[in-house]
Undergrad: 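Sharing a structure with you now.
Remember, predicted model here, so these are calculated numbers, not experimental data.
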Amino acid sequence: MTALPTAPPAAGDRIDGVVDHLVHVTYDHHTVLRLTVADDTPDPQTVTAVGKALFGTQPGESLRLTGTWTRHPRYGRQFKAEVCERTWPATRRAMRLYLASGLIHGIGETLATAIVDRFGDRTLHIIDTEPQRLLDVHGIGPTRLERITQAWHTQKAIAEIMVFLQGLGLSAHLAIKVYQTYTDDDRNPMDAVRNTPYQLSRDIHGIGFETADRIALAVGIPKQSDQRLQAALLHTLNAARARGDCHLPERTLLARTRHLLTDDDPTMTDILEDPVLRQALDTLRARGETVIESLPVPVLEDADVYRAVTAVSLTFMHRAETGLAQDIQRLHHAPPTLAEHTDWTSLLAQAAPKDLTDEQQQAVLTALTTPVSVLTGGPGCGKTHTLRTLVTLADQAGLTIALAAPTGKAAKRMEETTGHPATTVHRLISSPPAPTDQSEEATRLEAADLIVIDEASMLDVQLAARLTVAIRTGCHLLLVGDTDQLPSVGPGRVLRDLLAVPDIPRTHLTHIFRQDDQSAAIIDNAHRILRGLPPLPAPGVFGCHPLENPDTIAEHVVELVTTHIPHHFNAVPDDIQVLCPARRHATGTLALNARLQARLNPPAPDKPQHYHEGHIFRLGDRVLQVRNQPHRGKNGVFNGSTGTITAIDPEIHQLTVTLTDGESIPYLFADLDELLHAYALTVHRSQGSEYPYVVIPMTTSAGQLLQRNLLYTAVTRASRGVVLTGQATAVHRALTNTHTRRRFTALEHRIRQQTAATLQPRVIQAAGQLALS
């Protein structure tokens, strides 16, 4: 059997052993594990090893560690690992633990013991070169032998990639993702790593430009190569997209790319000059990967003053934004077919509730008489009541209605408040045929006369483009949202850009209704926040707990969720959502998820768990999907879907998440970077959702994320109670910070361009008729 290559020897003590179990892995990769020293003595020594070098190891792996022995004041003697090398198991005990660890599918603890007892020191050699001899072991038949043989070859291939990446200081877990990505495409994974390393950043989630660049330089690709410059430009555009931009001004793109590549190497100076980078950009355009055009961009981020600049966008982003603009214009200029359907004004007068304001009545009539319209308003302004009236009228008139929202929770709330079925936008787009439609090919979306999208501030350009292209001409579209909330997580600012087009009909609800329930204090404080005023405490509904020390704040958050709120309000922890401005630091989602998991779902002998990239996924954990996977499950799983881990199977390297809609979704361990723990979420991740109780920790460590719209969004996620805890300085900073970064979008410009293109032939035709007369 081929030996694993090892890293150069390092100074320090050295131990060889097999990972028995992982004790603890922190979010910053610090790992604590128990290692059984690799010998076959009757009573083998087990030691504690610690360090970030151990990150990514799994039970059953054989390791050679280089480092120093230390003594912890509480936990005693420990080995602090500076270098971690993976080796093939060398002793019978190591082989047995390795085979029983689950790394080789089809072999459990009992079978591992039987195989090692049968073949002894030659066990791995037999599996590698004469696997058919495993049939001599009781319990192994032809089917299981095939599974073991396939798993063995897979593990060997992964190990080769793993050692290569390990030599570059990269996570061993990436090896599994590389292997799965390229074997599924019938490519040699190691060839892909060595020959096209920059492609890894496009093909594999979790590998960015810096990782791909480290691999590329290690395999000998020159720093000055064109492919490196092109990869850096694409990375910069993708990074901008992740921040919400649909394009970048060319000069901004070049400056950011230079910053990405600048180092102390003097040979890079000429390479990073504008002409060279522009040449690489021209190559990307010629290959169809980017689009370069003249677009208006804001002179100042918070001003409506524009200037024309050369802008660069990824081709698929350009296609999505231009397609969205064309479809908005197509729908907007279609004849208002519903306006001819009935006398909506009379029907509204007869059927509408008497407490409907003029603004609300206008919103209902606008949705029914114009093909595209927008309804906006803050909490307590009657958006829900307006939607309920609209749905009632449309139902009475026999219209086919489709209701949707970007997230499952928002769709469920929409369904509860209107009494009409609602779904997510993703599922609406891929909806099955309507039961009442004569055409077998028509979907529910295509059959709809009226489509209403709630929480439209969450719509990004790509999702909105997929939606509008699927809407038939003549169908009415109403977008409902709150422009004071945070913008979409994805690129663009669709709702704001549509409202910037004067031709798009809109209604803004301004009247704040007096609330009789406990939500009154939440609504009042939300509007105070919009005016820059601090929220006021309200017993039993809105709590303000000033604290200064971040660790104390984190401890207080845990007590609120696990003890105080459940005890005082007859709630359960699942009713409570912690919403954080940021991910890092003591009061960020990473640290608070670890604390809350330890209290709400602690480890137990009957709870299987799996370590992945510094996170413990345990049976019973609340989790959140963070990537769109339309082909996963029966209906697809999308960003924002939540659920609970209901099964973990280490033998087949898979866990199961049961979503809130009841569907059970399998996840391979290699795909767990699609999941986050959901005990604590960022405010951005909570958009479109509503929770009975919300706890908001505020510290100045969140920096520029402390903005008024962020605090407003967090508070408006609660329906029964809010607890705002933390530093008064942080709350004040959020209230006074109204500066939001202006995203580079061009939807408004493209819609206006479409209008001009549509009107121009009409003007020419009218001029010709005038000349003839």
Undergrad: Can you see which heavy atom on Gln485 is nearest to which on Asn709, and at what distance?
TA: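 Looking at all heavy atoms of both residues, the shortest contact is O-ND2, 4.2 Å.
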Undergrad: Go through Ile522 and Thr716 one step at a time and tell me if the side-chain contact (heavy atoms from CB on, under 4.5 Å) criterion holds.
TA: CA-CA 7 Å; Ile522 299 174; Thr716 54; 5.8 Å; no
Undergrad: Name the residue from Leu450, Asp449, Asp395 that meets the side-chain contact (heavy atoms from CB on, under 4.5 Å) definition with Thr400.
TA: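 Testing Thr400 for a side-chain contact (heavy atoms from CB on, under 4.5 Å) against Leu450, Asp449, Asp395 leaves exactly one candidate, Asp449.
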Undergrad: Should Leu459 and Leu495 count as side-chain neighbours, where that means a heavy-atom distance under 4.5 Å?
TA: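 They are not in side-chain contact.
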Undergrad: Taking Gln597's backbone N and O only, do any of them form a donor-acceptor pair with Asn601's side chain (distance below 3.5 Å, no angle check)?
TA: no
Undergrad: If you define the side chain from C-beta out and look only at heavy atoms, does anything of Met317 sit under 4.5 Å from Gln462?
TA: yes
Undergrad: If we count only N and O atoms by modelled type, under 3.5 Å, do the side chains of Arg599 and Thr562 hold a donor and an acceptor together?
TA: yes
Undergrad: Considering only heavy atoms from C-beta outward, does the side chain of Gln687 approach that of Glu455 to under 4.5 Å?
TA: no
Undergrad: Within the structure provided, determine whether Cys580 and Leu592 are in side-chain contact (heavy-atom separation under 4.5 Å).
TA: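 They are in contact (side-chain heavy atoms under 4.5 Å apart), so the answer is yes.
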Undergrad: Side-chain contact, heavy-atom cut-off 4.5 Å: Pro535 with Arg528?
TA: no
Undergrad: Answer yes or no: is there an ion pair linking Arg622 with Asp574, defined by an N-O contact shorter than 4.0 Å?
TA: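 Asp574 and Arg622: salt-bridged.
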Undergrad: For Thr644 and Thr658, test the side chains for any donor-to-acceptor distance below 3.5 angstrom and give the result as yes or no.
TA: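 No, no side-chain donor-acceptor pair sits under 3.5 Å.
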Undergrad: Enter the distance from Asn238:CG to Arg202:CZ here, rounded to the nearest 0.5 Å.
TA: 8.5 Å
Undergrad: Hey, do the aromatic rings of Phe617 and His677 have their centres closer than 6.0 Å?
TA: yes
Undergrad: Measuring from atom NE2 of His556 to atom CG of Leu547, what distance do you get when rounded to the nearest 0.5 angstrom?
TA: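 It comes to 5.5 Å.
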Undergrad: Quick one: do Ile648 and Phe669 satisfy side-chain contact (heavy atoms from CB on, under 4.5 Å)? Show the steps, please.
TA: CA-CA 9 Å; Ile648 299 179; Phe669 287 169; 4.0 Å; yes
Undergrad: Under 3.5 Å, is there a donor-acceptor pair between the side chain of Arg496 and the main chain of Thr483?
TA: yes
Undergrad: Measuring from atom OG of Ser373 to atom CG of Leu478, what distance do you get when rounded to the nearest 0.5 angstrom?
TA: 4.5 Å
Undergrad: Quick one: do Asp575 and Ile565 satisfy side-chain contact (heavy atoms from CB on, under 4.5 Å)? Show the steps, please.
TA: CA-CA 10 Å; Asp575 292 333; Ile565 295 177; over 6 Å; no
Undergrad: When you measure from the side chain of Ser488 to the backbone N and O of Gly490, does any donor-acceptor pair fall under 3.5 Å?
TA: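 Looks like yes, one N/O pair under 3.5 Å.
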Undergrad: What's the separation between atom OG1 in Thr642 and atom CG in Leu681, rounded to the nearest 0.5 Å?
TA: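 Output value for this atom pair is 8.5 Å.
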Undergrad: Hey, is the main chain of Glu690 close enough, under 3.5 Å, to the side chain of Lys409 for a donor-acceptor pair?
TA: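 No.
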Undergrad: Output the distance between atom CG (Leu675) and atom NE2 (His615), rounded to the nearest 0.5 Å.
TA: 10.5 Å
Undergrad: Please give me the minimum heavy-atom distance between Lys383 and Gly377, naming the atom from each residue.
TA: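 It is NZ-O, 2.7 Å.
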Undergrad: Decide if atom CD of Gln704 counts as having more than 12 heavy atoms of other residues, nucleotides or ligands within a radius under 6.0 Å.
TA: no
Undergrad: Between Arg506 and Thr376, is there a side-chain heavy-atom distance shorter than 4.5 Å?
TA: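 When only atoms from C-beta onward are counted, Arg506 and Thr376 do not touch, as no gap falls below 4.5 Å.
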Undergrad: With a 3.5 Å distance limit and no angle check, can you tell me whether Thr713 reaches the backbone of Leu486 through a side-chain donor-acceptor pair?
TA: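 Yes, Thr713 side chain to Leu486 backbone: donor-acceptor pair under 3.5 Å.
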Undergrad: Hey, does Thr389 have a side-chain heavy atom less than 4.5 Å from the side chain of Gln360?
TA: no
Undergrad: Please check if the side chain of Thr407 supplies one atom and the backbone of Ala410 the other of a donor-acceptor pair under 3.5 Å.
TA: yes
Undergrad: Once you round to the nearest 0.5 Å, how far does CG of Leu705 lie from CG of Leu711?
TA: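 The distance works out to 13.0 Å.
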Undergrad: Specify the closest pair of heavy atoms between Ala718 and Val694, including all atoms of both residues, with the distance to one decimal.
TA: CB-CG2, 3.7 Å
Undergrad: Aromatic rings Tyr693 and Phe569: how do their planes relate, parallel, tilted or perpendicular, breaks at 30° and 60°?
TA: tilted
Undergrad: Looking at Tyr679, does the NZ or CZ of Arg595 lie under 6.0 angstrom from its six-membered ring centre and within 45 degrees of the ring axis?
TA: no
Undergrad: Do the side chain of Arg720 and the main chain of Tyr691 share a donor and acceptor less than 3.5 angstrom apart?
TA: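 Not at all, since once roles are kept as given, no pair shorter than 3.5 Å links the two residues.
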Undergrad: Looking only at side-chain N and O atoms, does Thr384 offer a donor or acceptor that is under 3.5 Å from a partner on Thr417?
TA: no
Undergrad: Is there a side-chain contact between Arg584 and Leu590 in this structure, where contact means two heavy atoms from C-beta onward sitting under 4.5 Å apart?
TA: yes
Undergrad: Do side-chain atoms of Arg583 reach the backbone of Thr682 as a donor and acceptor pair under 3.5 angstrom?
TA: no
Undergrad: Could you walk me through whether Gln625 and Ile665 pass the side-chain contact (heavy atoms from CB on, under 4.5 Å) check?
TA: CA-CA 11 Å; Gln625 173 80 14; Ile665 306 294; over 6 Å; no
Undergrad: When you measure from the side chain of Thr656 to the backbone N and O of Thr646, does any donor-acceptor pair fall under 3.5 Å?
TA: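 No, the answer is negative, given that no donor and acceptor are paired below the 3.5 Å cut-off.
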Undergrad: Could you tell me whether the side chain of Gln654 and the main chain of Asp649 form a donor-acceptor pair under 3.5 Å?
TA: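 Checking the backbone N and O of Asp649 against the side chain of Gln654, no donor-acceptor pair under 3.5 Å is found.
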Undergrad: Of all heavy-atom pairs between Ile401 and His420, which one has the smallest distance, and what is that distance?
TA: O-CE1, 3.3 Å
Undergrad: Does the side chain of Thr181 come under 3.5 Å of the side chain of Asp203 through a donor N or O and an acceptor N or O?
TA: no
Undergrad: Which atom pair, heavy atoms only, marks the closest approach of Leu619 to Ala647?
TA: CD1-N, 3.4 Å
Undergrad: Shortest non-hydrogen contact from Pro421 to Leu403?
TA: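 It is O-CB, 3.8 Å.
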